[in-house]
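FYI, the numbering just counts along the sequence from 1. In listed order, ligands and their atoms are each counted from 1.
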Amino acid sequence: MQSNSDAQTNVILAELDNKIQFVYEVAFAKRELTGLGANVTPKLEDTIRFELRPPFNISTDEMVKRLAHFRSVGDKKTEYTKLVAMNQKASDNQYLTHWYYPYKGKYHPRLVRSIFNIINVKYGQKVLDPFLGSGTTALESYLFGLDFIGFDISPVCVLVGKVKVTAGEVAGQLPLFKKEAIKSMKQDVLKNAKETKKYAKLVDDDGESVYQDFLGKIDDERITNFYQLAQLIFASDRGRRSRDFEAFEKNIDNMIASASNLAEAEKMLKKDRKLYEGRINKGDARSLKSVRNESVDAIITSPPYSIALNYMFNDRHALEELGVDIVDLSGNVIGVAGKGAQKIKQYEKDMEAAYSEMYRVLKKGHQCVIVVGEAKVDGEQTQTVEDAIKYCESIGFRLKENLPKIIFGLYNTIKDERVLFFEK
Ligand SMILES: C[S@@+](CC[C@H](N)C(=O)[O-])C[C@H]1O[C@@H](n2cnc3c(N)ncnc32)[C@H](O)[C@@H]1O
């Protein structure tokens, strides 16, 4: 039998990250530990630590590598704490290249990493996000050593996702193009300023743009994408926030610094495991033709809340810059078409098609995690969460958990957000 003192020495403390402040985050933190098989009790007297006791079904090193909500396990700093410190911005949610492009409606990177642990995905497994958005799941999967496939209907999102993951590989070459990028962008801005008082597009309607010519001369797609994204960030900053040319220069410096941080992170991570660049493509979540039946190990996604947030409107400057026909695109963006009750009906139909596709491509016994919220449309409260559960259960998913999540900054439109864990 174990004596009391043995039991004492066998206890390992896992300490929460000091940015954790919400009760729901503590719930996710605890589930990460149990998801990985740890035998855990909260250490109630100080609230920021959990006691881990034998039997230890997972090694301390493995917890150090995987955990998202903790800054240390025993006396070791977690990998995530080191990654989040590689940050050119103030917020943990913007570390490394996560901040690239001012996208509305992202979920938090830490949440995604904690879900990897809650459902206990293994290195090298294939994760799908059919509603890629700004690519949060893509970058988190990459850093974690997961294979990834992602789709979004918006070409802006596809570009953002790609650059977030690949910028590190070309970090050393990016500064070589900076001078030329700034010079050609300045020429476009000056030309446009002469023609139109207020900023319109950088690429004019004749398709003439010195910056576009500059992009055309780069022969590495990852670098072209990087500088193309810099253009879109600038277009968005100018259009939405009235920023002037200096913002472009400053952003490029910040973007390059973050790309170097990513390169540094890759170096650290590659010592331990293989990193997968993944596949990010334009696609429609209602019809994932290129994905085979039962070929995906996990799905982590947050569907459009376009009924509350009009993505097309938020991204219009960037979409115009890419020459996208916004009316045409909107026809396929879930949640945008129609008005009032008709709009909600169409949204439900489209989401049912998307959930059916998720079910089809997921392997049996594996999990699909959906972050979804209730919104108000024309003053009416929707039942998105309830509808999602009902439909998913009707096609064969089993709801394992339904966890509440607090939503920040969108209190007026999205009232309640849930993280739904379904098993096939
Ligand atoms: C809530 S956002 C995803 C946000 C993402 N989790 C992030 O952290 O950035 C939903 C996304 O779904 C995309 N979308 C809308 N309709 C779509 C469709 N039919 N197929 C694929 N993506 C679609 C939108 O363009 C938007 O980027």
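- G335 does not count as a contact of ligand 1, since none of its heavy atoms falls under 4.0 Å from the ligand.
- When each atom of ligand 1 is checked for a heavy atom of G133 under 4.0 Å away, the hits are 3 (C), 4 (C), 5 (C), 9 (O), 27 (O).
- At under 3.5 Å, not a single nitrogen or oxygen of S154, backbone or side chain, sits near a nitrogen or oxygen of ligand 1.
- Close contacts of ligand 1 with G283, meaning ligand atoms under 4.0 Å from a residue heavy atom, involve 20 (N), 21 (C).
- Formation of a donor-acceptor pair under 3.5 Å by the K424 side chain with backbone atoms of H366 is not found in this model.
- The nearest pair of heavy atoms linking L362 to V296 is CD1-O, 3.5 Å.
- Note: an N/O pair closer than 3.5 Å links Y107 and ligand 1 by distance alone.
- Distances from atom 2 (S) of ligand 1 to the heavy atoms of F151, F131, Y103 show the closest one on Y103.
- The proximity of L132 to ligand 1, defined as any non-hydrogen pair under 4.0 Å, is limited to the backbone.
- At least one N/O-N/O distance between T136 and ligand 1 falls below 3.5 Å.
- Smallest separation of non-hydrogen atoms from L16 and A29: CD2-CB, 3.5 Å.
- Within 6.0 Å of CD in E393 there are more than 12 heavy atoms belonging to other residues, nucleotides or ligands.
- Inter-residue side-chain proximity for Y227 and Q231 is flagged as unmet; no heavy-atom pair is nearer than 4.5 Å.
- Remark: ligand 1 and A285 share an N or O pair separated by less than 3.5 Å (distance only, no angle test).
- Backbone and side-chain nitrogen or oxygen atoms of C157 are examined, and none is located within less than 3.5 angstrom of a nitrogen or oxygen of ligand 1.
- Interface atoms of ligand 1 facing G105, defined by a heavy-atom separation under 4.0 Å, are 1 (C), 4 (C).
- Between E357 and R360 there is a salt bridge, since a side-chain N of the basic residue sits under 4.0 Å from a carboxylate O of the acidic one.
- A cation-pi arrangement, defined by a distance under 6.0 Å to the six-membered ring centre and an angle within 45 degrees of its axis, is absent between K274 and Y123.
- In the vicinity of P130, heavy-atom distances shorter than 4.0 Å reach the ligand 1 atoms 21 (C), 22 (N).
- Surrounding NZ of K363 are more than 12 heavy atoms belonging to other residues, nucleotides or ligands, all under 6.0 Å away.
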Please step through ring-ring contact (aromatic ring centres under 6.0 Å, His included) for the pair Y142 and F148, ending with a clear verdict.
-> CA-CA 7 Å; Y142 177 64; F148 178 79; over 10 Å; no
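- Judged by distance alone, the side chain of E62 and the main-chain N or O of S59 form no donor-acceptor pair under 3.5 Å.
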Report the C-alpha separation of F50 and F70 in whole Å, then their side-chain angles, then the decisive distance to 0.1 Å, and conclude whether the ring-ring contact (aromatic ring centres under 6.0 Å, His included) test is met.
-> CA-CA 10 Å; F50 288 86; F70 295 86; 5.7 Å; yes
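- Contacts between A354 and ligand 1 below 4.0 angstrom, taking non-hydrogen atoms only, are absent altogether.
- Taking distance alone, with nitrogen or oxygen atoms compared against 3.5 Å, S134 approaches ligand 1 more closely than that limit.
- Here is the list of ligand 1 atoms found below 4.0 Å of a heavy atom in N332: 16 (N), 18 (C), 19 (N).
- The nearest non-hydrogen atom to atom 18 (C) of ligand 1, considering only I153, V158, D315, V371, comes from I153.
- Each of the following atoms of ligand 1 lies closer than 4.0 Å to a heavy atom of S302: 1 (C), 2 (S), 3 (C), 4 (C), 6 (N), 10 (C).
- At a heavy-atom cutoff of 4.0 Å, ligand 1 is contacted by no atom of D350, backbone or side chain.
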